[in-house]
Structure formats: structure tokens, C-alpha cells
Amino acid sequence: MFKTLKNAWKTPELQKKMLFTLFIVLLYRLGACMCVPYVSSSISDSFSTLYGSSVLGLMSILSGGAMQYATLFALSVSPYITASIVMQLLTIAIPPLERIAKEGPEGQKKITSYTRWVTVGLALITSFGYSMLLKSNSWLVRDDWFAMIVINVAFCAGAALVMWLAELINDKGIGNGISMILFANIIASIPGYAQTVWSGVIMKNYISGNKALSVVIGVAIAIVLVAVVFVIIGFIVWVTNSERRIPIQYAKRVVGRKMYGGQATNLPIKLNMTGVMPIIFASSIVSIPATIAAFFPKENGFTKFVNNFFSPQTWEYLVVYLILIIAFSYFYVLISFDPVEVSNNIVSNGGSVRGIRPGRPTVQYIQKILKRVTLIGAFFLCIVAGLPMLVTVVTTALSSVLPAATASKIPDLSILTFGGSSLLIVVGVALETVRDLEAQLSLRASKGFLG
């Protein structure tokens with residue numbers, strides 16, 4: 001990876017793209033530090049206590065802490081992601097939109113324009129809910145109609161600006177714009193995240209005794225946690241780079257005086273073909289109930305329902321979250337990989353899958369393998385993203401059942417709820433970016449050789 005980055009930095013064109021991406025990320029982080037008007041400074045301390053382990057806590061992590069401080073980019077890329085999901089679903093469900101999407105570059109421009117308008121609409125709804133949350137918690141120094149309009153306009157403008165920055169990275173930078181912004185946000189949250197883990201999990205039950213021994217035990221636990229993180233990273237990299245190879249045999253063809261083909265190759269299908277997108281999509285969807293609940297006062301029955309049955313510390317939330325990950329894994333493969341087109345390309349180039357007849361049998365064979373591989377990849381995402389949540393759910397359940405004296409000694413592991421998802425996003429984005437750089441380096445090397 002480091003060798004790829006070094007070689008890319010030596011290439012002038014890629015160096016400009018990398019610097020441009022870094023510049024956009026720095027601009028984003030600058031906007032994530034600019035607080036909107038009329039917000040009290042007390043929000044920074046109270047938000048983590050009240051919503052740190054809820055879905056809003058996940059949204060705060062994905063925004064790099066911008067939501068926790070009610071800054072200009074508090075909504076981050078959540079409206080843009082949700083709008084992209086909505087448009088992709090509508091493109092499949094509505095024939096006119098499907099025809100527009102198949103019109104080539106012009107059709108994609110129209111779909112992108114529709115996505116932008118949907119993003120603005122979702123940003124209006126989300127900003128209103130978030131502003132009502134700020135008002136209900138007395139985090140506003142002014143809550144009259146003018147102040148609420150200013151706050152909502154600021155949040156909506158921030159969401160639109162984030163969408164524009166992400167598209168700039170797509171056009172002129174390296175990697176996917178949404179993924180790069182999420183990567184930067186999670187990396188920016190690591191110092192505060194580590195401090196919270198140290199004070200709230202590692203040192204919670206040891207400070208009251210021998211302080212020197214407490215520190216030694218805390219450091220030992222920290223080393224174990226770091227080792228576990230590295231093991232998980234290695235597991236993620238191994239699965240992400242794993243692939244199922246379908247053997248392809250190309251027939252010999254004589255064109256003029258030259259003979260082409262005759263070689264054996266393979267069609268690689270990644271085990272985790274979807275990358276981190278199902279995690280991002282599922283996180284955006286499960287945040288909708290918490291966003292809707294922010295519209296209502298705390299005493300409302302719907303808010304209590306969301307807190308009791310749709311909190312990350314509940315079994316209901318965990319089950320829905322894992323089901324959405326599996327569903328979006330299949331959905332993302334459905335829209336990004338077409339077995340019919342792949343089969344036609346193989347046949348048109350004089351190839352065939354070994355032991356399989358060309359045509360429909362080849363399509364069915366590829367579909368069968370694709371379903372199995374996608375299921376394994378979905379289970380992998382569920383393990384990485386769901387295991388920390390499962391630990392949180394179990395410890396929360398034990399705390400509510402055990403006596404108070406015993407329950408007080410159980411560490412508060414709610415801070416680890418979204419650790420697996422965050423780690424998967426960071427590693428996945430890093431690997432995707434490195435692969436993008438490698439592809440561009442190979443393309444430029446081939447051009448130079450041909451030139």
C-alpha cells in the first residue's frame with residue numbers, strides 16, 4: 001500500500017489529484033468546525049451523554065463530531081447517501097426512470113440532477129428534526145421563528161455544500177467522494193473515541209483501588225484491545241482481497257496471418273464485492289426513526305418506543321440492522337453486476353466457462369456463484385458490524401438483570417457499539433482507494449509503454 005502511494009505521488013497527474021482530494025477534505029473539516037448561529041456551547045458536553053450510544057451517536061461519528069457540536073456540516077453526507085439509495089430504488093421500480101438511466105451519459109446527468117433535488121428535500125426534513133431536537137434539549141440561546149429559520153437554512157446549505165464537495169472529489173480527485181469524506185470523519189473522531197474508551201471502559205473499575213496497579217492493568221487491557229483491532233483489520237483485509245475465480249477458456253481464432261486466443265483465464269468475483277456500501281446504506285436507513293422522533297417532545301409515546309425498541313442497545317435494532325445489511329448487499333450486487341452482460345461479453349470474445357454451455361446456462365451458473373459469494377460477503381459484514389453491537393446488547397441486558405452492586409462493575413461498552421462499522425468503513429475505503437491508485441498507475445504505465 002505504501003509503495004503504491006509512493007509511486008502515485010511521483011506521478012504528476014496523480015499527485016495533483018491526491019492534493020486536490022486532501023484540499024477538499026481539509027475544507028470539509030474546516031466547515032465541520034464552524035458552529036451555526038444561536039446554538040449553546042453546552043451541547044458539546046450533553047450530546048455524548050444523552051445520545052452517544054444511540055443512532056444519533058453513529059451519525060455524529062460519521063460526521064466527524066460535527067453533529068455533536070451542531071456545526072455547519074452536522075448533517076454530513078447522510079442526506080446525500082439516503083437520496084442515492086432512494087433514486088437507485090426508484091430507477092429499478094419506475095420504468096421511465098430506468099429508461100433515463102440507460103440513456104448513457106445524458107441519462108446519468110438527469111439522474112444525478114434528480115438525486116441532488118432529493119438530497120435538498122431530505123436535508124430540509126432532517127434539519128428540521130435536528131433543530132427540534134436542539135430546541136427540546138434547551139441547546140439554543142434563541143428559539144424564536146427567525147432563529148429556527150436561520151438554523152435550518154444553515155444545516156441545509158451545509159448538506160448541499162457537502163454534496164458538492166463529494167462530487168468534486170468524484171470528478172477531479174481520488175476515490176469515491178462520499179467514502180473519502182466518511183473516512184476523514186471517522187479518522188477525526190479517533191482521538192476522542194480513544195479517550196472515551198480509556199476513561200469509560202478501561203479505567204472505570206480500577207481507579208478506586210491502587211492507582212499504580214490500576215494504570216498497569218489499564219495499559220494491559222489497552223494493549224489487548226489494540227491487538228484485537230489489528231487482528232480484525234487483518235481479517236477485513238484478507239476477506240476483502242479474497243475472490244472466487246470462474247475459469248474461462250478462449251477459443252483460438254485466425255485473423256489474417258495471426259492467431260488470437262487459445263489461452264485460459266478466469267473471471268474473478270470478489271468475496272466482498274459490495275465493499276462498505278451496505279453498512280453505509282443500512283446506517284442511513286436505521287437512523288430514520290431517531291430522526292423522526294426528534295420532531296416530537298421527549299414525553300411522546302413514539303419517542304419512548306424508539307428509545308425502548310429501536311436503540312442500538314436492543315435486540316430489535318440489532319436484528320433490523322443485520323437484515324438491512326444482507327438486503328443491501330444483494331441490492332448493491334444487483335445494480336452493479338449484470339451476469340447477462342458478463343456472459344455476453346465472454347461469448348462475444350470467443351470464450352466460455354469450462355464445462356458450461358454458452359448462453360443461458362452460463363448466466364445461470366454465474367448467478368448461482370454470485371448468490372453464494374454475496375451471502376458469504378453479507379455474513380462477513382454482519383460479523384464485523386454486528387459483533388460489537390451484540391456485546392453491547394448483552395452487557396446492557398446483564399446490567400438490567402443483575403443486582404445494582406454487581407451491575408455497576410460491568411464496563412460501559414456502549415462506546416464500542418459502532419466500532420466495527422467504523423473500522424470496516426476505514427479499512428474498506430483505504431483498500432478501495434489504493435486499488436484505484438493501482439489501476440490508474442497501471443493505465444499510465446501501459447500508455448507509456450505503447451507510446
Side-chain angles (χ1 to χ4, degrees), residues 21 24 27-28 31 59 62-63 66 72-131 152-173 175-182 185 273-292 295 324-325 327-338 340-341 425 429 432:
T21 303
I24 295 297
L27 280 181
Y28 174 85
M59 295 177 66
L62 297 181
S63 66
L72 181 64
F73 293 158
L75 302 184
S76 190
V77 294
S78 296
Y80 190 30
I81 293 173
T82 308
S84 300
I85 298 172
V86 170
M87 288 306 302
Q88 287 175 351
L89 290 174
L90 292 179
T91 301
I92 297 176
I94 302 177
L97 285 178
E98 185 177 3
R99 288 194 295 270
I100 292 176
K102 293 181 178 179
E103 291 178 357
E106 292 299 324
Q108 291 300 323
K109 287 182 180 179
K110 293 181 181 179
I111 296 296
T112 301
S113 178
Y114 298 154
T115 303
R116 291 169 181 169
W117 284 110
V118 175
T119 300
V120 173
L122 291 175
L124 285 170
I125 298 174
T126 308
S127 64
F128 180 74
Y130 185 46
S131 62
N152 280 274
V153 169
F155 286 146
C156 291
L161 188 56
V162 170
M163 175 180 62
W164 180 62
L165 293 176
E167 292 182 352
L168 282 179
I169 294 178
N170 291 337
D171 296 337
K172 301 180 181 180
N176 181 274
I178 295 177
S179 300
M180 294 302 296
I181 289 177
L182 287 176
N185 288 341
M273 185 183 298
T274 58
V276 299
M277 297 311 294
I279 297 287
I280 299 174
F281 287 173
S283 301
S284 299
I285 295 299
V286 295
S287 65
I288 292 177
T291 304
I292 297 175
F295 284 80
L324 284 175
I325 289 177
F328 278 118
S329 295
Y330 279 96
F331 169 73
Y332 195 76
V333 169
L334 179 65
I335 65 176
S336 61
F337 189 93
D338 186 1
V340 177
E341 183 179 355
I425 291 173
V429 172
E432 289 176 4

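Just so it is clear, the values below take in all heavy atoms, side chains as well, and ignore hydrogens, waters and symmetry mates. For clarity, every value in this text was computed on a predicted model and none was experimentally measured.
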*Measuring from Gln108:CD to Thr112:OG1, what's the distance to the nearest 0.5 Å?*
6.0 Å
_Rounded to the nearest 0.5 Å, what separates atom OG1 in Thr91 from atom CD1 in Ile111?_
4.5 Å
*Under the side chain to side chain donor-acceptor pair (under 3.5 Å) test, which residues partner Ser127, sequence neighbours left out?*
Asn152
*salt bridge (Lys or Arg N to Asp or Glu O under 4.0 Å): which pairs involve residues 276-287, sequence neighbours left out?*
none
*List the steps and the verdict of side-chain contact (heavy atoms from CB on, under 4.5 Å) for Leu182 and Val429.*
CA-CA 9 Å; Leu182 287 176; Val429 172; 5.7 Å; no
_Gap separating the CG atom of Leu161 from the CG atom of Leu168, nearest 0.5 angstrom_ = 9.0 Å
*Give, for atom CG of Leu75 and atom CD1 of Ile125, the distance between the pair rounded to the nearest 0.5 Å.*
12.0 Å
*Where Ile325 and Ala282 come nearest, the two heavy atoms and their spacing*: CG1-CB, 3.9 Å
Check: residues 77-86 side-chain donor-acceptor pairs under 3.5 Å, at least two apart:
from: Tyr80; atom 1: OH; to: Glu167; atom 2: OE2; distance (Å): 3.2
from: Thr82; atom 1: OG1; to: Ser78; atom 2: O; distance (Å): 2.9
from: Ser84; atom 1: OG; to: Tyr80; atom 2: O; distance (Å): 2.9

*Which of these, Ile169, Asn185, Asn170, sits in a side chain to side chain contact (heavy atoms under 4.5 Å, CB included) with Met180?*
Ile169
_Checking Phe328 now: which residues fulfil ring-ring contact (aromatic ring centres under 6.0 Å, His included) with it, not counting sequence neighbours?_
Phe281
_Going by the rule side-chain contact (heavy atoms from CB on, under 4.5 Å), which residues pair with Pro96 if we only count those two or more places apart in sequence or in a different chain?_
Ile94, Arg99
_Contacts of Trp117 that satisfy side-chain contact (heavy atoms from CB on, under 4.5 Å) - sequence neighbours left out_ = Ser113
*Keeping the roles fixed (side chain from Thr126, backbone from Ala123), state whether a donor-acceptor pair exists under 3.5 Å.*
no
*Would you call the rings of Tyr28 and Phe73 parallel, tilted or perpendicular, where under 30° means parallel and over 60° means perpendicular?*
parallel
*In Å, rounded to the nearest 0.5 Å, how long is the span from CZ of Phe155 to CG of Leu124?*
13.0 Å
*Tell me, with the steps shown, if Tyr114 and Leu97 meet side-chain contact (heavy atoms from CB on, under 4.5 Å).*
CA-CA 10 Å; Tyr114 298 154; Leu97 285 178; 4.0 Å; yes
*How many angstroms lie between atom CZ of Arg116 and atom CH2 of Trp164, to the nearest 0.5 angstrom?*
11.5 Å
